[in-house]
Amino acid sequence: MSLANGERRPRGELARVLVVDDEPDIRELIDLTLARMGLVAECVGTVGEARQALAAERFQLCLTDMRLPDGDGLEIVRCITEQHAQTPVAVITAFGSAENAVAALKAGAFDYLAKPVGLDQLRTLVKSALRLPDVGAVNDDPLQSLIGDSPSMQQVRAMIEKLARSQAPVYISGESGSGKELAARLIHLRSARSAGAFVPVNCGAIPENLMESEFFGYRKGAFTGADSDRDGFFQAASGGTLFLDEVADLPLLMQVKLLRAIQEKRVRKVGSVTEEPVDVRIICATHRNLRECVDKGSFRQDLYYRLNVIELRMPPLRERLEDIEPLVAAILQRLFGQAGPQLTAGAFKALGLYPFPGNVRELENILERATALCSGEVIEAADLHLEPEEMCGESLGRGSETLDDYLGRLERQAILEALQKTDGNRTAAARLLGVTFRSMRYRLERLGIE
């Protein structure tokens, strides 16, 4: 059973798990549980013994306590992360030691368990860990859907590979249209949870009075219209990934309930008196600065630290303009296959001068519009209908406007100013703005300018 005296088990085909804990009762409990799962456990009680075991054997998983007689579990986490990257490691923390759990996840731990160790949670963690794919083992690599070879995109792909091998909550920051949901999907697809569901939720689109029932489900008769039991987002994503988009839009009361669900890994349906366990990985995103939301009091600090264990920043398109050409090729390929129109050198130059406040999503919109308005099989710069170059440095605030309203306001303002300077001469105004007369006429009609 346990090998507290250092004696090693004979090698075999069974998956091997290194268990590091100075409490014999805990070691024996974990050893028995793993044995019933068909696994072989090697149990040690110190950091030093763990290092010796790692040097002598290859393990498929490591479970380590945080407090050990000769050090702490973070030493083992860092050792495995640096020297045995293919071995996932999970930590066992004292009840309520959230800081230790977060520190371990940031150091590279796969997941954590809180004492007293729940056997159901232990089995779930072990099953999830042992399904982890080897890096590069997937032939049809979903990371190829992240288009671009700029340094920033190479960093994003490398970060996604690391995040996929963890269970740590991830906070994806970035502007609207920069690909935050795509990154979340790729983390899920590359992870041990890829066989489970990926459930995206737009937190800003759910009425506040329905949030609890939507997230946690409800029992029959819990409220008027509850004709049957229903699962929520957490139950739907159990075994998979729950992606909370625009998480900054959650009201404070819902933030409290979300925090408890994340900490306890249990939820209570509306109308139920009992909680049920859920096995969900949380990935969240928002276009806002979440730290500023905390400072303003609109987002709970404790929830922020729970969600922002590891941050992945999606760069705006203006920071990776070298990726525009392959992005254009991919978008036109998706829209038309091999027979689509091509952009002239002037059109690519115009795209390179444009600031793209709407990022890749706006590039897609620009190309769709250009292909509808261009004549022939070639897209000229004028067909793109971009903002004048001199407006690229405009610093007017957007406030609470949507992106479309904001751009429309700037466009209207620039056109009206040009018409005023040219005494209403549309041809001269178009020349002043650097667009063709056809583009000018299109914009006037779209904005309803007489």
Side-chain angles (χ1 to χ4, degrees), residues 95-96 98 114 118 120-121 124 128 167 169-172 176 180-182 184-185 187-188 193 195-288 290 293-294 296-308 399-405:
F95 178 77
D120 287 341
Q121 289 186 347
T124 298
S128 182
Q167 292 279 47
V170 177
Y171 165 50
I172 305 178
S176 294
K180 297 188 291 296
E181 182 171 344
L182 173 60
R185 287 184 181 275
I187 292 171
H188 170 76
R193 296 177 171 270
F198 177 85
V199 179
V201 178
N202 187 335
C203 298
I206 306 172
E208 186 171 348
N209 63 324
L210 296 179
M211 276 196 170
E212 186 174 1
S213 60
E214 289 293 309
F215 273 85
F216 307 135
Y218 55 79
R219 292 294 187 191
K220 180 180 179 180
F223 50 82
T224 302
D227 299 327
S228 61
D229 290 356
R230 178 183 168 184
D231 288 340
F233 297 135
F234 269 83
Q235 291 91 346
S238 193
T241 303
L242 180 61
F243 175 55
L244 303 179
D245 198 9
E246 299 303 344
V247 71
D249 291 341
L250 286 174
L252 287 171
L253 181 59
M254 191 61 205
Q255 291 177 31
V256 176
K257 295 176 180 178
L258 177 61
L259 174 64
R260 175 174 173 76
I262 294 173
Q263 288 183 163
E264 303 300 326
K265 299 183 180 180
R266 304 178 71 86
V267 298
R268 178 185 286 115
K269 289 183 175 181
V270 176
S272 176
V273 296
T274 59
E275 292 183 331
E276 56 185 274
V278 287
D279 172 28
V280 170
R281 185 186 191 179
I282 301 289
I283 301 178
C284 72
T286 178
H287 72 279
R288 300 191 201 179
L290 207 54
C293 293
V294 172
K296 293 175 182 177
S298 62
F299 201 84
R300 292 180 61 94
Q301 186 177 55
D302 47 8
L303 179 58
Y304 170 77
Y305 286 119
R306 271 295 181 180
L307 295 175
N308 189 20
S400 59
E401 292 176 295
T402 65
L403 179 62
D404 288 340
D405 291 341

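Just so we're clear, the structure is a prediction, and the values are computed from it rather than from any experiment.
- In this structure, OG1 in Thr124 is found 9.0 Å from NZ in Lys265, a value given to the nearest 0.5 Å.
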Using distance only, find each side-chain donor-acceptor pair of residues 268-278 under 3.5 Å and give its atom names and separation, not counting sequence neighbours.
residue : atom : partner : partner atom : Å
Lys269  : NZ   : Asp231  : OD1          : 2.7
Ser272  : OG   : Thr274  : N            : 3.2
Ser272  : OG   : Thr274  : O            : 3.1
Glu275  : OE2  : Arg260  : NE           : 3.2
Glu275  : OE2  : Arg260  : NH2          : 2.9

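- Partner Leu303 forms a side-chain contact (heavy atoms from CB on, under 4.5 Å) with one of Leu290, Val247, Leu259 and no other, that one being Leu259.
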Sequence neighbours left out, cut at 3.5 Å: what donor-acceptor pairs do the side chains of residues 204-225 make with other protein atoms?
residue : atom : partner : partner atom : Å
Glu212  : OE1  : Lys257  : NZ           : 2.7
Ser213  : OG   : Leu210  : O            : 3.0
Arg219  : NH1  : Asp229  : OD2          : 3.1

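- For the pair Ile187/Ile283, a side-chain contact is recorded, criterion being any heavy-atom separation below 4.5 Å from C-beta on.
- Side-chain contact between Arg185 and Pro200 is present, with heavy atoms from C-beta onward closer than 4.5 Å.
- Ile282 is not listed as a side-chain neighbour of Val170, based on a closest heavy-atom distance of 4.5 Å or more.
- In terms of heavy atoms, Arg193 sits closest to Gly239 at NH1-C, 3.3 Å.
- Between Ser298 and Leu252 the shortest heavy-atom distance is O-CD2, 3.7 Å.
- A heavy-atom distance below 4.5 Å is not found between the side chains of Gln235 and Val280.
- Every residue meeting the side-chain contact (heavy atoms from CB on, under 4.5 Å) condition with Ala285, not counting sequence neighbours, appears here in chain and number order: Ile172, Lys180, Phe243, Asp245.
- Between Leu244 and Asn202, the closest side-chain pair of non-hydrogen atoms is not below 4.5 Å.
- The distance from the CG atom of Asp249 to the SG atom of Cys203 is 7.5 Å, given to the nearest 0.5 Å.
- Proximity of Phe299 to Thr286: side-chain heavy atoms (C-beta onward) are nowhere separated by under 4.5 Å.
- Looking at Thr241, its side chain never comes within 3.5 Å of a backbone N or O of His188 through a donor-acceptor pair.
- Taking CZ from Arg300 and CG from Leu253, the interatomic distance works out to 10.0 Å, rounded to the nearest 0.5 Å.
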Gln255 and Asp302: CA distance, side-chain angles, deciding distance, side-chain contact (heavy atoms from CB on, under 4.5 Å) verdict: CA-CA 10 Å; Gln255 291 177 31; Asp302 47 8; over 6 Å; no
